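From a predicted model like this one, the values you see are computed outputs, not experimental measurements. Numbering of ligands and ligand atoms starts at 1, following listing order.
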Amino acid sequence: MKRVSLFLSALLCMTIGTMAFAQVQVGVVLPTKDEPRWIQDQTRFQDALKTAGINAQVLFSQGDSAKEKANVESLISAGAKVIIICPQDGSAAAAAADEARAAGVKVISYDRLILGTASVDYYVTFDSFAVGAAWGQFLVSKATGKANHLYLYAGAASDNNAFIFFAGAWSVLQPKIADGTFVIKNSSEAVKLQKKATLTRDEESKIIGQVTTNWQFADAKNKAEANLTSAKKADKGTVYIEAPNDGTARAIADAFAADKDVTKYYITGQDAEIASLQYIIDGKQSMTVFKDVRTLCADAIAAAVVYSQGKTPVQTATYDNGKIKVPAKPSAIITVTKENLKAAIVDSGYLTADKFTGL
Ligand code: BGC
C-alpha cells in the first residue's frame, strides 16, 4: 500500500513537473543577426529549448529598438509568459519591459541589462567586470619596461556592458598607466582622467564617447585607421590594444597590421568567435574571453521554468539598473590564448576541431 502511494505520488510529481514544463511559453529577443555572437546564442537557445522540451520563438531586433518592442508585443500576443530580452539599447528597452510587466509576463534581461525600469525580474549575465579585468591582465602580462603604447577601444554607449567591461579593464590598467608602464595614445579624455583609480559613469562616458566602436566592425576599422593616421611613428612600434570584442578586434587588428610602423601588436577580444579563434591560431589576435553561451541559455531557461512553477530563480548578485537592484546570476569567464585554446574550446566540447586550421 505504502509502495503504491509512493509510486502514485512520484507519478504525480512527474506529471506536475512535465505540465509546468510543457506549459511554459517562452519568447527570446536577441539584438542582431549581423554579429556572430548573437547567432551563437540563437543556436545554443534552440538546442537548449529543444532539450528542455519547450517551444519558443527566437526573434531578432536587427539593431532597432522599435523592432525590439514590436517583437516583445508579438510574443505577448502569442501568449508568452516569460520573455528573455537582450536589449539593443538598454534604456530604450525599458518601454518594452514595462509592456510585458503590464501583461503579467516575466522579463529576463539576457547578457545586457535593461535600464531605468522596475519591470525587470531577473538578469542572467557573465561577469562583465571580470571580462574587462582579463583584458587588462593580459596586456599588463605582455608589457615590459616603461612607456608602452596603449590604444583603448570600447563598445556601444547604449550597452551597459560596455561601461562594465571598461571599468574592469581600467581597474587593472589605470595603476599601470599611473606608474608609467603604459601611455594612452588615442584618448585625450582618458589621459585627463588617468590619475583616477575609479571612474564615475559620466567620466567613463567621456572616454567611451571618444573610443567607441558602437560594436560595429566598420566603425572600429575607421576609428583605428584615424588613430593611426594621427599617431606619430614614435607612438607605434610595439602597441597594446584594448579591443572590446572579437568582431571589432579583427577589424582593429587588420588596421594595425596594415600600418608599416606597427612592428608588433597585442590585442584583446571576447566571445570566442570562430573567426577570432582562427585569428588567435594564426597569431593575428592575441586573446579572447570565452563566455560559454550554453551556461547563459541554460540559466535563462531554468529561470523561465522556475517562474512557471510560481517560484523564484537562484540569485547570486544584484545589478543596479538605475531604478531597482535586479536579482542576477553572473557566470564565470575564461581567458583564451593560443596556449589553452584547444583545451578550453575544443576539448571542453564547445566547438569541434574541424572548424579550425592549424590547431
Ligand atoms: C556582449 C558581447 C558582445 C557585444 C556586442 C555585449 O553586450 O556582452 O558579448 O560582443 O555586446 O554585441
Next on the checklist: Assess the residue pair Ser205 and Asp202 against the criterion (side chain to side chain donor-acceptor pair (under 3.5 Å)); give the C-alpha distance rounded to whole Å, side-chain angles, the decisive distance to 0.1 Å, and a yes or no.
Outcome noted: CA-CA 5 Å; Ser205 284; Asp202 282 349; 4.9 Å; no
Here the side-chain hydrogen bond (donor to acceptor under 3.5 Å, both in side chains) pairs for residues 259-280, sequence neighbours left out, are Lys236-Asp259, Arg250-Glu273, Arg250-Ser276, Asp254-Tyr279, Gln270-Lys291, Ser276-Gln285, Gln278-Asp282, Gln278-Thr357
Checklist entry - Hey, does the side chain of Ser286 reach the backbone of Ile267 with a donor-acceptor pair shorter than 3.5 angstrom? => result yes
Quick note, side-chain hydrogen bond (donor to acceptor under 3.5 Å, both in side chains) partners involving residues 100-115, not counting sequence neighbours, are Arg37-Asp111, Asp41-Tyr110, Arg101-Asp121, Asp111-Asn161, Arg112-Asp159
Query raised in the report: Just wondering, more than 12 heavy atoms not from Lys33 lying within 6.0 Å of its NZ?
Result: no
Using a cut-off of under 3.5 Å, which N/O atoms of ligand 1 pair up with protein N/O atoms, and what distance separates each pair?
residue: ligand 1; atom: 7 (O); partner: Arg112; partner atom: NE; Å: 2.8
residue: ligand 1; atom: 7 (O); partner: Asp159; partner atom: OD2; Å: 2.6
residue: ligand 1; atom: 7 (O); partner: Asn161; partner atom: ND2; Å: 2.9
residue: ligand 1; atom: 8 (O); partner: Asp111; partner atom: OD1; Å: 2.7
residue: ligand 1; atom: 8 (O); partner: Asn161; partner atom: ND2; Å: 3.3
residue: ligand 1; atom: 8 (O); partner: Lys291; partner atom: NZ; Å: 2.9
residue: ligand 1; atom: 9 (O); partner: Arg37; partner atom: NH1; Å: 2.7
residue: ligand 1; atom: 9 (O); partner: Asp271; partner atom: OD1; Å: 2.6
residue: ligand 1; atom: 9 (O); partner: Lys291; partner atom: NZ; Å: 3.1
residue: ligand 1; atom: 10 (O); partner: Asn245; partner atom: ND2; Å: 2.8
residue: ligand 1; atom: 10 (O); partner: Asp271; partner atom: OD2; Å: 2.6
residue: ligand 1; atom: 11 (O); partner: Arg112; partner atom: NE; Å: 3.4
residue: ligand 1; atom: 11 (O); partner: Arg112; partner atom: NH2; Å: 2.9
residue: ligand 1; atom: 11 (O); partner: Asp159; partner atom: OD2; Å: 3.4
residue: ligand 1; atom: 12 (O); partner: Glu35; partner atom: OE1; Å: 2.5
residue: ligand 1; atom: 12 (O); partner: Trp38; partner atom: NE1; Å: 3.0
residue: ligand 1; atom: 12 (O); partner: Arg112; partner atom: NH2; Å: 2.9

Quick note, side-chain hydrogen bond (donor to acceptor under 3.5 Å, both in side chains) partners involving residues 145-156, not counting sequence neighbours, are Tyr153-Asn227
